[in-house]
Amino acid sequence: YNELSEYITKVKTYEVQQNVPSGNRIITNKLLSCHDTQKKHFDNCITPPEAAATTVLDRFFRSTLCRGSGKNENLWRHVRAAFPEKIGLDSGVYLMLSITTNWNFNRELQFDPRWAYIPISTMHIALTQHIALMTSANIFHSPSSLANMFQL
């Protein structure tokens, strides 16, 4: 807050020295008033988190930080890489659901020992459940059958 206050003062002084018309100034009375009311937030809300360096061990005994936005940014990097240049709305929704489901399953499986280790990609869980629910008659003869999926 203090560094920002000093910067605001320097800019205000510069504007006065340069005879900038009051309608064109960056530092206005409204800005100064807003800055003063935000002091309580700087003093009470913006503090380093208590558990900033907390780490947990995953099921493979790798140490991982609990906090941070890097993993969220990494998710969006994967989403951008997975999406083609052009995609229909329905396909885009399904692709987004499968990517985020896969991402969340992987995180859950990685850190929660209640889950058994699954040696397949979590993206295939939904497909294997779909196949398990299909009757044997529908497996090869329905429009969404395996024969149509894999052109058997």
Side-chain angles (χ1 to χ4, degrees), residues 1-133 143-144 146 148-151:
Y1 179 82
N2 293 334
E3 290 175 18
L4 183 58
S5 297
E6 289 173 16
Y7 181 76
I8 289 173
T9 304
K10 285 179 185 178
V11 172
K12 184 176 181 180
T13 304
Y14 176 80
E15 288 177 336
V16 169
Q17 289 173 348
Q18 297 299 317
N19 294 325
V20 176
S22 61
N24 295 340
R25 290 187 180 178
I26 297 171
I27 308 301
T28 62
N29 290 336
K30 189 173 181 180
L31 184 132
L32 293 171
S33 172
C34 178
H35 178 67
D36 289 338
T37 59
Q38 298 304 315
K39 183 174 182 358
K40 62 185 174 200
H41 296 293
F42 278 92
D43 291 341
N44 301 317
C45 303
I46 304 175
T47 58
E50 295 173 6
T54 301
T55 59
V56 294
L57 294 177
D58 66 6
R59 67 171 60 239
F60 306 108
F61 301 104
R62 291 180 295 217
S63 180
T64 306
L65 279 173
C66 290
R67 301 182 61 99
S69 63
K71 290 182 181 174
N72 293 333
E73 292 167 5
N74 201 16
L75 166 65
W76 292 110
R77 192 175 308 116
H78 282 285
V79 168
R80 279 194 305 273
F83 269 81
E85 197 169 307
K86 294 182 181 180
I87 190 169
L89 181 62
D90 290 338
S91 300
V93 167
Y94 292 129
L95 182 60
M96 187 68 187
L97 284 172
S98 77
I99 290 169
T100 54
T101 301
N102 180 49
W103 188 266
N104 290 329
F105 264 130
N106 282 338
R107 296 310 166 274
E108 183 71 22
L109 293 172
Q110 184 177 6
F111 295 106
D112 193 344
R114 293 177 296 175
W115 287 88
Y117 178 69
I118 299 177
I120 63 170
S121 169
T122 53
M123 290 183 95
H124 296 126
I125 291 174
L127 178 61
T128 55
Q129 287 180 342
H130 175 70
I131 293 171
L133 294 174
S144 63
L146 290 176
N148 289 333
M149 282 178 162
F150 301 108
Q151 299 178 355

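Please read these numbers as outputs of a predicted model, since none were measured by experiment.
Between the side chain of Arg25 and the main chain of Lys12, no donor-acceptor pair closer than 3.5 Å is present. Counting only distance, with no hydrogens or angles, the side chain of Thr100 and the backbone of Met96 share a donor-acceptor pair below 3.5 Å. Side-chain N or O atoms of Thr9 include one that pairs as donor or acceptor with a backbone N or O of Ser5 at under 3.5 Å.
For the atom pair Leu32 CG and Thr37 OG1, the distance stands at 11.0 Å (nearest 0.5 Å). Separating the CD1 atom in Ile26 from the CG atom in Leu31 is a distance of 9.5 Å, to the nearest 0.5 Å. Here the OG-CD distance, from Ser22 to Glu15, works out to 10.5 Å after rounding to the nearest 0.5 Å. Distance check: Tyr94 OH to Leu89 CG gives 10.0 Å after rounding to the nearest 0.5 Å. Atom OH in Tyr14 sits 13.0 Å away from atom CD1 in Ile27 (nearest 0.5 Å).
Of all non-hydrogen atoms in Ala82 and Ile99, the two that sit nearest each other are CB-CD1, 3.4 Å. The minimum heavy-atom distance linking Pro84 with Leu95 is given by the pair CD-CD2, 4.1 Å.
Heavy atoms from other residues, nucleotides or ligands lying under 6.0 Å from CG of Asp36 number more than 12. Around OH of Tyr1, the count of heavy atoms belonging to other residues, nucleotides or ligands within 6.0 Å exceeds 12.
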